[in-house]
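As structure tokens, the structure follows; a few thoughts come after it.
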Amino acid sequence: MTSEKTESKKDLPWLMRTYSGHSSAKASNELYRTNLAKGQTGLSVAFDLPTQTGYDADHPLARGEVGKVGVPIGHIADMETLFDQIPLGKMNTSMTINATAAWLLSLYIAAAERQGVNQSQLQGTTQNDIIKEYLSRGTYIFPPEPSLRLTTDVISYTVNQIPKWNPTNICSYHLQEAGATPVQELAYALSTAITVLDAIRDSGQIAADAFSQVVGRTSFFVNAGIRFVEECCKMRAFTDLWEQLTRERYGVEDPRLRRFRYGVQVNSLGLTESQPENNVQRIVLEMLGVTLSKRARARAIQLPAWNEALGLPRPWDQQWALRMQQVLAIETDLLEYGDILDGSPIIDAKVRDLIGGAEAEMRRVQEEGGMVQAIETGYVKRQLVTSHTARMRAIETGALKIIGINSFTETAESPLTSGTDSGIMKIDPAAEREQIARLQAFRAARSQVEVKTALKNLKEAAVSGENIMPASIRCAHAGVTTGEWSGVLRDIFGEYRAPTGIDISTLNMAGSNTVDRLREHTRKTGEELGRPLKILVGKPGLDGHSNGAEQIAVKARDVGFEVVYEGIRLTPEQIVKAAEEEGVHLIGLSVLSGSHLELVEDAMGRLEGVGLAQIPVIVGGIVPPEDEANLKSLGVAAVYTPKDGDMNLIMLDLVNIIRASNGLERYEA
Amino acid sequence: MLTSSTFPDPDALALAVIDRQRPAVAKALNLLDDQRPEARRRATRLLRLLPQQKLYASGHLIGLTGPPGAGKSSITAALITLWRERGLRVAVLAVDPSSPISGGALLGDRLRMLSGQIDNEVFIRSLACRGEFGGLSAEVWPMSLVMLTAFDVVLVETVGVGQKEIDVSKLTDTTVFVAQPASGDSIQFLKAGIMEVPHLLVVNKADLGLAARKTLAELRATLKPAVDESSWQVTALAASAARGTGITELADGIEAHRRWLLNQNQLNARRRQFQAEWVLKRLDDEFGRFGINALGGADAIKRELERSESSPFEQFELLCQRFLEGWGGKRKRQTQP
Ligand code: B12
Ligand SMILES: Nc1nc2c(ncn2[C@@H]2O[C@H](COP(=O)(O)OP(=O)(O)OP(=O)(O)O)[C@@H](O)[C@H]2O)c(=O)[nH]1
Ligand SMILES: [Mg+2]
């Protein structure tokens with residue numbers, strides 16, 4: 001597509017999308033239609049966490065999460081509302097959906113059929129990459145083996161029935177967001193592709209001569225960080241490695257089917273809460289990394305907004321991000337040239353370097369027994385946590401400079417954040433209640449007999465191993481809900497908890513006075529209180545953002561705390577039970593998905609219930625200033641957000657909060 | 001400064017532990033961990049108030065050890081489910097290594113033991129080994145006693161390769177070794193006699209197939225038949241915590257060993273012996289071989305301790321006192337009730 005010339009000899013631009021969805025299908029539908037009117041050329045659907053993790057809106061685990069970070073889709077009627085007046089035969093829709101991908105695609109197909117559109121005409125993408133969910137994104141449900149089977153079912157089904165569908169987007173995006181280096185991104189994404197393609201080849205669902213179509217339909221979703229020259233080289237390395245892999249390992253002869261096709265969301269991990277206007281420069285520069293090189297140019301781009309680290313973007317923030325793409329594609333001369341990097345010895349050397357590193361790491365993964373094994377043993381996750389920890393320590397020592405965080409921190413007050421809405425989108429808490437009411441009305445109105453038969457059918461397909469899609473589409477039409485579909489599979493496949501990867505070795509940091517002093521403070525305070533300081537780091541709710549919790553846990557261990565961490569997606573009840581059994585001196589809750597008020601209040605109430613109200617509770621994550629005040633009035637001792645970049649200060653605080661709650665004097669900073 | 005109100009009243013606490021109240025168990029464990037003199041005094045009192053029957057003659061104290069990542073916690077989780085079905089209340093002490101650099105520790109075993117449902121008859125405490133006691137925290141023994149009072153089964157998970165297993169086998173009624181398929185280490189250790197022979201060997205991850213079967217065969221080849229009918233026959237079996245296979249057999253094997261101990265009248269004797277070992281080890285840490293010799297030598301101390309009815313803290317305090325008062329061997333015994 002990018003190689004076709006327009007009359008003005010310009011390449012066609014990439015697909016421009018904005019990742020969006022919130023509150024309800026109706027509200028999201030309105031948003032999509034305005035976005036399309038503004039020149040967006042495709043849709044990118046963000047689902048809420050209950051939908052992504054297979055719970056109905058009225059499930060206890062969904063509390064506080066419904067419609068927060070995406071649109072809730074509980075059944076066929078929601079899906080129809082979402083695409084009301086949007087012709088699905090013509091639209092190109094990307095859905096960021098993984099564990100429940102087969103289900104959401106089924107709802108999409110059923111909704112299209114109700115619009116009179118045959119499934120074979122549909123175009124779009126299901127992310128459908130479960131591997132990176134275990135490593136970074138956190139919305140997995142089942143163990144790797146059955147999950148992979150669902151992945152391959154979706155791929156086989158669409159290759160046979162929906163030829164223009166991109167059934168899987170192998171993601172390296174989320175790996176970089178969890179700390180991966182360019183080499184790790186390359187190696188793990190390609191190792192994932194191998195795992196998925198091998199599984200399809202071995203599943204017998206695809207005729208041998210159609211296998212190269214599967215390879216051709218496999219696309220990628222990558223990241224582009226601020227080191228944009230290196231990122232440009234990474235994209236060229238991806239292209240070369242994929243070309244070679246598809247030829248050698250899978251014998252694909254048609255060069256068009258060996259093209260590395262990819263979409264992008266640029267790096268958000270490096271976007272800051274402090275001086276947030278600087279994020280605009282960052283986003284634009286990052287976009288260069290995936291557009292400069294014509295032969296490795298992105299097919300689709302979605303950009304975060306300037307207020308990424310503050311909270312959810314408003315329509316105007318998203319418009320600003322879309323305009324960045326439009327200015328680059330339309331106003332600049334970028335699309336008028338061939339590949340401007342071809343022939344540069346410097347670029348070539350860097351590309352070779354990255355390829356060498358990636359190949360070595362891919363061999364390492366093979367030695368572990370492949371990507372699935374390497375996930376189960378925790379190997380890959382540990383590598384990511386190690387890289388992220390190295391990044392955090394570099395920020396701490398100043399070896400890695402981030403404007404506004406550890407250099408040039410002085411600033412005038414920003415007019416961007418002084419508005420009445422503090423510059424972010426707020427979801428009306430009524431959205432959850434309304435969604436539950438709609439769901440319950442829908443349940444009552446459907447034919448229970450049809451639902452029962454459809455679910456029985458689904459169960460049989462799941463057990464027998466036949467492709468899950470036909471039975472799922474039937475469930476969609478019958479009015480089965482997201483929670484029911486997932487529930488059947490949960491019963492059969494079981495649930496999984498992925499390794500946390502935090503069991504990496506301690507960085508010595510000898511010679512750092514700050515760290516030495518901290519270790520001394522921790523040890524001393526432990527002695528004064530009779531036993532070593534012990535803390536619990538908890539992740540309540542469906543939130544999968546684990547970086548902060550992992551980094552706090554590793555850092556705390558490294559300055560001498562005993563740290564209990566049980567991974568993501570716990571109920572407040574589970575966390576309180578652990579706190580009680582473990583006898584901790586402090587509880588730290590990390591919530592980035594926006595449901596901090598509900599979850600923290602719940603946890604604090606339960607702590608009081610078991611007589612542990614005296615244990616200090618602190619909260620970290622994405623917490624707007626007015627919520628911080630609310631949390632403190634609930635009794636929360638301290639709140640940390642991305643602007644609290646100095647981990648050593650946080651650690652000193654932990655010691656001091658424990659001291660204060662035990663009647664000891666605080667240490668000076 | 002801290003007031004004594006921060007320390008729990010040991011008498012009330014003991015009653016509540018005997019009454020199997022969860023918050024009390026948690027508080028008692030905190031108290032046993034607390035090194036401050038006032039806490040020690042109260043902990044001593046607490047332990048003395050716990051019923052001897054519970055501490056030395058009933059329940060089941062199980063040690064689960066094996067190399068890192070072999071699946072000890074996953075097996076524990078599977079056993080918990082099964083024991084719960086059998087109506088048993090379960091406590092777990094999960095011991096993890098401490099960082100020698102910072103002294104901190106990551107306590108991650110709970111993750112694998114989590115189950116969807118909240119079950120108040122299951123109690124899990126993680127413990128850092130804090131570099132003492134050859135890989136096993138000194139708190140394990142006293143904490144086990146509190147757990148034995150309030151729960152039917154107490155399981156101690158420790159990481160161990162080679163010599164470290166010895167520690168857990170010196171503290172628990174039944175020792176289970178979890179082997180990792182395709183890792184020759186355990187077999188080498190067994191053959192070389194470096195590893196204390198556990199009561200049961202289990203090769204986990206049987207779902208991996210060939211590698212697990214091979215390891216099981218190799219392990220079985222190292223096992224010697226029991227000397228006579230009354231001695232315990234060590235067995236090796238395969239299990240998969242992931243698939244839930246072999247868990248019933250494992251639980252049955254563990255139970256068979258408990259019955260064997262009871263039949264042989266060994267449960268009580270062994271527990272007294274563990275306690276003596278624990279006190280000795282603490283004396284050794286405190287005063288070294290010199291101290292032990294000054295107190296009459298390890299064997300004599302052990303004999304005395306195994307006959308004593310006092311709590312481990314009292315025994316330890318008493319011996320310390322005796323040592324410090326100078327080797328006089330005053331037969332002043334038992335503290336006031
Ligand atoms: C990285 C990232 C991801 C990664 C997460 C990888 C991982 N394993 O953690 C990926 C790409 C997977 C991801 C996915 C999603 N993300 Co995201 N993500 C981010 C991002 C860019 C950075 C977060 C981060 O890791 N920072 C680095 C860590 C070290 O910092 P931190 O967590 O903030 O922690 C610091 C402090 O907050 C504090 N702290 C945090 N926790 C704790 C705990 C304790 C005890 C203490 C003392 C301190 C403390 O100390 C830390 C040190 O400074 C933020 C935006 C931003 N720039 O902050 C969005 C953001 C959090 N994501 C967001 C969303 C919506 C999502 C999705 C839900 C989107 C969707 N609909 O699917 C998904 C799904 C994730 C899920 N399963 O829940 C929103 C949340 C919106 C809101 N709260 O209103 C944000 C704010 C972006 C946005 N503006 O829209 N995301
Ligand atoms: N294939 C397979 N994997 C398993 C099985 N049991 C555990 N695992 C995996 O092995 C890894 C380690 O499991 P744990 O239960 O944490 O092992 P552990 O021995 O307690 O580990 P440490 O406490 O860290 O020494 C995890 O990734 C488990 O998912 C099993 O039966 N089969
Ligand atoms: Mg373990």
Side-chain angles (χ1 to χ4, degrees), chain A residues 143 145 369 373 376-378 490 494-495 497-500 502-510 515 518-519 522-523 526-534 536 553-567 570-571 573-574 577-583 610-612 662-664, chain B residues 1-3 6-7 22-23 25-40 68-69 77 91-92 94 96-120 122-128 130 139 205 207-208 211 242-244:
Chain A
E145 202 182 302
Q373 277 282 326
E376 291 187 331
T377 60
R490 277 190 158 92
E495 294 187 62
R497 297 191 69 79
T500 61
I502 59 171
D503 45 338
I504 58 172
S505 40
T506 304
L507 280 178
N508 200 326
M509 303 291 279
V515 173
L518 270 171
R519 286 180 181 157
T522 313
R523 194 183 55 74
E527 276 170 19
E528 286 173 72
L529 296 180
R531 59 193 173 107
L533 298 189
K534 190 175 187 184
L536 177 104
V554 168
K555 178 75 186 179
R557 187 270 316 256
D558 287 1
V559 300
F561 286 92
E562 297 182 354
V563 185
V564 180
Y565 175 59
E566 297 181 278
L570 300 171
T571 61
E573 196 182 10
Q574 285 172 316
K577 182 171 190 268
E580 178 186 32
E581 292 176 358
E582 294 293 351
V610 292
L612 292 178
N662 285 282
L664 299 174
Chain B
M1 225 12 252
L2 284 159
T3 57
T6 50
F7 296 103
R22 291 171 50 81
V25 174
K27 266 196 203 127
L29 297 178
N30 295 350
L31 182 65
L32 290 175
D33 210 4
D34 197 328
Q35 307 296 320
R36 289 171 291 185
E38 177 57 24
R40 282 280 132 176
V92 175
D96 276 314
S98 297
S99 156
I101 296 169
S102 75
L106 290 170
L107 308 170
D109 295 308
R110 297 184 69 92
L111 171 82
R112 296 263 155 250
M113 299 179 196
L114 265 175
S115 78
Q117 263 129 7
I118 293 278
D119 183 349
N120 281 330
V122 177
F123 191 109
I124 301 167
R125 168 69 61 116
S126 318
L127 196 62
R130 301 167 185 166
E139 276 64 48
K205 310 194 184 180
D207 50 289
L208 297 183
R243 300 268 157 87

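Throughout, a chain's letter reflects where its sequence line sits, starting with A, and its residues are numbered from 1.
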Quiz prompt | More than 12 heavy atoms of other groups within 6.0 Å of Gln35(B) CD | solution = yes

Practice problem: Return the minimal non-hydrogen interatomic distance between Pro499(A) and Glu376(A), and the atom names on each side. | Solution: CG-O, 3.6 Å

Quiz prompt | Which atom of Lys577(A) lies closest to which atom of Asn120(B), heavy atoms considered | solution = CE-OD1, 3.8 Å

Quiz item: In terms of heavy-atom pairs under 4.5 Å, which option from Met113(B), Lys27(B), Arg112(B) contacts chain A the most?
Solution: Arg112(B)

Quiz item: Who wins among Val25(B), Val122(B), Leu29(B) for the most heavy-atom pairs under 4.5 Å with chain A?
Solution: Val122(B)

Between [options], which shows the greatest number of heavy-atom pairs under 4.5 Å with chain B?
| options | value |
| --- | --- |
| Arg519(A), Glu582(A), Glu562(A) | Glu582(A) |
| Gly494(A), Gly378(A), Gly369(A), Ala578(A) | Ala578(A) |
| Leu570(A), Ile502(A), Val515(A), Thr571(A) | Ile502(A) |
| Pro532(A), Gly567(A), Pro143(A) | Pro532(A) |

Chain B contact via [X] - side chain, backbone, both or neither, heavy atoms under 4.5 Å:
| X | answer |
| --- | --- |
| Ala579(A) | neither |
| Val559(A) | backbone |
| Arg497(A) | both |
| Leu536(A) | neither |
| Ala556(A) | neither |

Self-check item: Those residues that, when tested against Arg22(B), pass salt bridge (Lys or Arg N to Asp or Glu O under 4.0 Å) (two or more places apart)
Solution: Glu580(A), Glu581(A)

Donor-acceptor contact present, side-chain [X] to main-chain [Y], <3.5 Å:
| X | Y | value |
| --- | --- | --- |
| Arg36(B) | Leu529(A) | yes |
| Arg110(B) | Ser126(B) | no |
| Lys205(B) | Ala211(B) | no |
| Lys534(A) | Val564(A) | no |

Quiz prompt | Contact class of Asp207(B) relative to chain A, heavy atoms under 4.5 angstrom | solution = neither

Exercise. Answer with side chain, backbone, both or neither: which region of Leu114(B) has an atom nearer than 4.5 Å to a non-hydrogen atom of chain A?
Key: side chain

Exercise. Given salt bridge (Lys or Arg N to Asp or Glu O under 4.0 Å), test Glu139(B) with Arg130(B) step by step and report yes or no.
Key: CA-CA 10 Å; Glu139(B) 276 64 48; Arg130(B) 301 167 185 166; 3.5 Å; yes

